[in-house]
Amino acid sequence: MKLYNTLSGQVEEFVPSDGNRVKMYVCGVTPYSSTHVGHALSYVVFDTLRRYLEHKGYEVRHVQNFTDIDDKIIQRAQESGVSEDELVEEFIGDYFHTMDALNIQRASEYPRATREIPRIIDAIAGLIDRGHAYPAAGDVYFRVTSKDDYGKLSHRTLDSMIAGARIQVDENKEHPMDFVLWKGAKPGEPSWESPWGPGRPGWHIECTAMSLEYLGEQLDIHGGGQDLVFPHHENEIAQSECYTGARPFSRYWMHNGLLQLGSDKMSKSLGNLVSVVEALERFSPDAIRLYFLSSHYRSPLAYSDEGAAAVERSLERVRRALIPGNGTGPQVEADSHRSRFTTAMDDDLNTPQAVAALFDLARDINRGRDAGQRIDSGQAALQELGGVLGLTFEDRPSPEADLAAAPFIDLLVSVRTELRAARQFALADQIRDGLAEQGVTLEDGAQGTQWQRQTTE
RNA sequence: GGCGACGUAGCCAAGUGGUUAAGGCGGAGGUCUGCAAAACCUCUAUUCGGCGGUUCGAAUCCGCCCGUCGCCUCCA
């Protein structure tokens, strides 16, 4: 299996350091607002990676953090008149709720920054001891000039960073690019005791401490959105490698392209967010996952309701291919699709190509059904490979109102069946049209008439 | 200003040196059907932003130009 490694800028053969065990760390969210579709994209990508690795027989230990203390959390909590803890609990709950809805597997561990303070302090102290960090006026900074290859992940040099000229001057720092490891507490802020006075950890050091604690000195895969490459992941590398001496901190760095909304990146600062809950009101979890997986994970993806609706329609054909058949002929052949799927996934997770294999398989199943072939083994393959992408092919549950209306719809359908038998087609069509106006579609098949609620717009 | 990515059919999107340029949505025609729907079949890019170049051969490599976007600051 080949994966693109941001560190080398190349597609490389993936080989875990320890046999079939894979140590994967994915940066989690800062829980102060609702989970949006950009988060969903990232976690669908890494969930799919994990599912595929497991499909190949790897044992994946997946750790994902929560940054449960930072400026935004403090600010938002104060605005809302709740404690930081309450705010964090609410949005961690929201996160799990939406990720579960999207069929994203739970990580092995979900460490939180505030519960790892001693480990974080140890790491900062170690960095100071080794000359890679220095205290200044209640803060502690990382000394970027102490790491000769600082910038290797984002492929830039300190000089070029300074040329960016958007760095604010800070008198406490030795170098403008030095970043904070420990923030001295301001009045009214939550804080923890430390050798440098009361304060809280900087963003980057949390991930270093937590990955070290739960996965050890060296990771196989470290993932996140492309917006984390600099400074977050660059700084993680600097801290971790300087603290442990183990290089590289992570052997593979993987970054997903960012979701765009219209022409802009979807981001917290732009406020152009679409919540996952909102998207799930309109589309099935499968449709949202498949939408994300229909383009390559490293490409940016523009989200639109029209696009999601098109994907939902395409899923309908696949779902129908899974309706049991009653053919007695030879089994529909699935091996060529299976190997195409695997080849695609082995090639840096080429999910668009893998998805194309699934659509082709669905077509062959439907074709085989029409030809009287047995289709159950093809269907099993479709279900299994779809599962590797986290797709269930389940219909969305019908709204409760439909359950109440079901007996009446059944009655109308049976009346219509009588009318058709009597060749009273005008009246039969009147019933079908009337139901269609109510969003109920009828299909007359060999086994009688089926009705269903129209779910796509 | 620095670093980087991308531009493939009406739309979304694979393919990155060599048989007929995946797949999906949409559209056209057909089979089936009382008519539909669904499913299936056929068609829907002689061509890959533009112009040059390298090569026996390029969407795929190189140069220039045009256009779009990301990162450099909190962000998945």
Under a 3.5 Å cut-off for both contacts, is [N] paired Watson-Crick or G-U wobble with anything, and if yes, with which nucleotide?
{"N": "B:U54", "value": "none"}
{"N": "B:G7", "value": "B:C66"}
{"N": "B:U46", "value": "none"}

- Item | A:Phe359 ring over B:G23 six-membered base ring, under 5.5 Å and 30° | no
With [atom1] as the reference atom in both, quote the distance from [N] to [M] in angstrom, rounded to an integer.
{"N": "B:G23", "M": "B:C3", "atom1": "P", "result": "40 Å"}
{"N": "B:A13", "M": "B:C25", "atom1": "C1'", "result": "11 Å"}
{"N": "B:A58", "M": "B:U19", "atom1": "C1'", "result": "16 Å"}
{"N": "B:C32", "M": "B:A14", "atom1": "P", "result": "39 Å"}

Here the distance between atom P of B:A76 and atom NZ of A:Lys72, to the nearest Å, is 9 Å
Residues at least two apart in sequence or cross-chain that pass ring-ring contact (aromatic ring centres under 6.0 Å, His included) with A:Tyr4, listed by chain then number, are none
Its contact letters, B for base, S for sugar-phosphate only and - for none at protein heavy atoms under 4.0 Å, make nucleotides 37-42 of chain B read BSSSS-
Checking B:A22, B:C35, B:C25 against the side chain of A:Asp429 (C-beta onward), the nearest is B:C35
Within the pair A:Ser299 and B:A14, is there a side-chain N or O less than 4.0 Å away from OP1 or OP2?
yes
Using a cutoff of under 3.5 Å, can you pull out all pairs of nitrogen or oxygen atoms linking the protein to nucleotides 16-20 of chain B, with atom names and distances?
none

Result for side chain to side chain donor-acceptor pair (under 3.5 Å) between A:Tyr214 and one of A:Gln64, A:Lys23, A:Glu116 points to A:Glu116
